[in-house]
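Following: one structure in C-alpha cells, then a few remarks.
Fair warning: this is a prediction, and the values are worked out from it, not measured in the lab. When a ligand or atom number is given, it counts from 1 through the structure's own listing order.
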Amino acid sequence: MLMMGPRHSCGVVGVTADYDVAPNIYLALMIIQHRGQESAGISAYNGSNTRTIKGDGLVENAIKAESLADLPGKAGIGHVRYGVVSSKGYANAEPMTVTTNFGELSLAHNGQLTNYSKLREKYMDEGWTFFTETDAELIIKILGKYLSIDKDPFKAVKGVMDELEGSYSVTFMINGRVFGFRDPQGFTPLILGSIEGGYILVSESTAIEALRGKIVRDVAPGEVCEITKAGYRFTPLITDRPCSHCVFEWVYFARPDSIIDGMNVYEARRNIGSVLARESPVDADLVMPIPDSGRAHAIGYAIQSGIPYEEGFMKNRFAGRTFIMPEQKQRESAVSMKMIPIRRTVEGKRIIIVDDSIVRGTTLKILVSMLRDAGAKEVHVRIGCPPVVAPCYYGVDMKTREQFIANVTDSIEEIRQIIGADTLAYISYEGLIEAVGFKETELCAACVSNKYPTRIDGEKYMYD
Ligand code: AMP
C-alpha cells in the first residue's frame with residue numbers, strides 16, 4: 001500500500017552564531033535524523049548570498065562532511081525530510097530558496113497543510129506556477145509575497161499564518177536573519193536553545209543538548225521567534241486557538257530524550273507503560289520491548305507490574321525502514337530481517353511484549369510467530385496507544401482508513417487472533433491522555449479518537 005500525498009513529518013533547524021554554523025546544523029540534523037531519512041539539506045548565508053547543499057538519503061549521504069567547508073556563513077537553516085516513494089528527488093528536498101525583492105529567502109518545513117490544494121489552486125488561478133507539490137514551496141511563495149509587500153518578517157509571518165491551515169513548524173532565513181514559527185495550534189514541535197556564541201531553533205530539544213547548549217523554551221503555538229548571535233525575540237501572532245500538540249510525538253515519533261512542550265518523551269512513554277500495567281495486568285515471567293519503539297513503554301510496564309524486564313529481541317541496526325515499504329510482502333520479510341529473538345531469553349517463558357502502536361499489524365504478527373518459533377510458552381501483547389482508526393492530516397504517515405487493522409476487523413479479539421497472541425490489550429484513551437500529562441483539549445489525538453481539532457471536510461470536528 002503506497003501512502004498517498006507528498007507531505008510528511010520532518011525535522012527543521014535554524015542556527016545563528018559568531019562562527020560558521022553549517023557544522024552545528026549538520027550535527028543537529030543527525031540528532032533529528034529519525035524525523036526523516038528521505039533527504040537532508042543545509043542552507044547558509046555568507047554575508048552576501050545563500051548557498052545550499054542537499055540530497056537524498058541520510059544526512060551523512062546527502063551532505064558529505066567535507067563539503068561543509070563550502071557552506072561558510074554565520075546563519076543557516078537545515079532540514080531532514082520524511083518522504084514516500086512518490087516524492088523523492090532534489091526538487092522536493094529542503095531547504096528551498098527563492099529570490100524576493102526583499103532578498104534571498106530559504107525555508108524548511110515540518111508538518112502538513114490541510115488547505116494545501118485549495119491554496120495552490122487559488123494561487124494558480126492568479127497565475128502563480130509551481131515546480132513541486134510540497135507544502136514548503138507553497139509556504140515559501142506566500143511568505144515571499146508578504147515579505148515583498150511588507151518588508152517586515154514579523155508581519156509577513158502573520159500574513160502566512162492567516163492563510164495556512166493545518167500543522168507547520170518552519171525555520172526560514174531572509175538576508176541572513178533566521179526565524180522560526182509554529183502553527184497556532186502547535187501540532188509539531190519547535191524549541192529554542194542557546195549554544196556557544198549563538199542560538200538554535202530546532203524540532204527536538206535533544207539537538208540543543210547534543211550541541212552542549214541550554215534549552216530556552218518551546219516556541220509557543222502561533223508565535224514567531226527571531227534569533228541572532230546575541231539574542232532572540234519572540235512575538236506572539238495568533239494566540240486565540242486551542243492547543244493541539246500531536247500525541248503521537250510522545251507515543252512514537254520523537255526521541256525519548258527530547259522534551260516537547262515541557263513533557264519528556266521518555267517519561268511519557270514510561271507513564272504509558274505503567275498505566276498499561278495497571279489497566280491490563282497479566283501473570284508472566286518477563287516483560288520485553290519491541291526495540292526500539294516500545295522500550296520505554298516496556299520499562300514502565302515492568303516497574304509497575306514488578307515483572308522482570310528483559311531484552312528478548314535483537315534489532316539489526318543497519319536494517320532500513322519497514323513501515324513505508326510499498327508492498328505488504330516486502331514489509332513482512334523486512335520485519336523478520338530486522339528483529340531476531342534471543343532464544344535463551346524467551347524459551348519456555350510466559351512473555352509480555354510491549355510496543356508503542358499497532359497500525360497495520362504487520363510487525364506484531366511476525367514477531368509473535370517468531371517468539372513462538374523460539375520456544376515462548378505464552379505471548380501477551382500490550383500496546384501503548386489505543387487502536388489507530390483515523391487518518392492523520394497533519395503529517396504523520398498514516399493516511400487511509402483501510403490500512404488500519406482496527407478498521408478491517410470487528411473486535412480486539414479478532415486482532416488478537418490475527419497476530420496470534422495469547423492476550424492483547426491496548427491502553428485506554430483516558431489512560432494515554434493521563435500518561436502524556438496534558439488535558440485532552442491540549443492534544444491532537446485524532447488518529448485514535450476520530451475527532452479532529454481543525455475543520456476537515458467529511459471528518460468530525462472535535463469542538464462541535
Ligand atoms: P504496523 O506493522 O503497521 O502495525 O506498524 C506499527 C509499528 O510501526 C509501530 O509499532 C511503530 O513502531 C511504527 N510506526 C507507527 N507509525 C509509524 C509511522 N507513521 N511511520 C513509521 N513508523 C511507524
Quick one: which residue pairs count as a side-chain hydrogen bond (donor to acceptor under 3.5 Å, both in side chains) with a foot in residues 296-308, not counting sequence neighbours?
-> none
With sequence neighbours excluded, what pairs up with S169 under the side chain to side chain donor-acceptor pair (under 3.5 Å) test?
-> T188
Side-chain H-bond candidate by donor/acceptor type, E133 with Y116, under 3.5 Å = no
If you measure from the Lys or Arg side-chain nitrogens to the Asp or Glu carboxylate oxygens, is any gap between E413 and R416 under 4.0 Å?
-> yes
Are the charged groups of D457 and K118 less than 4.0 angstrom apart, N to O?
-> no
Starting from the N and O atoms of ligand 1, collect every protein N/O partner closer than 3.5 Å and put each pair on its own line with the distance to 0.1 Å.
residue, atom, partner, partner atom, Å
ligand 1, 2 (O), T362, N, 3.2
ligand 1, 2 (O), T363, N, 2.8
ligand 1, 2 (O), T363, OG1, 2.5
ligand 1, 3 (O), R360, N, 2.8
ligand 1, 4 (O), V359, N, 2.8
ligand 1, 4 (O), R360, N, 3.1
ligand 1, 4 (O), G361, N, 2.8
ligand 1, 10 (O), D355, OD2, 2.8
ligand 1, 10 (O), D356, OD1, 2.9
ligand 1, 10 (O), S357, O, 3.0
ligand 1, 12 (O), S293, OG, 3.2
ligand 1, 12 (O), D356, OD1, 3.0
ligand 1, 19 (N), D397, O, 3.3
ligand 1, 20 (N), Y82, OH, 3.1
ligand 1, 22 (N), Y252, OH, 2.9

Do any side-chain atoms of residues 437-448 form donor-acceptor pairs under 3.5 angstrom with protein atoms, and if so which ones, sequence neighbours left out?
residue, atom, partner, partner atom, Å
E440, OE2, Y429, OH, 3.0
E442, OE1, K439, N, 2.8

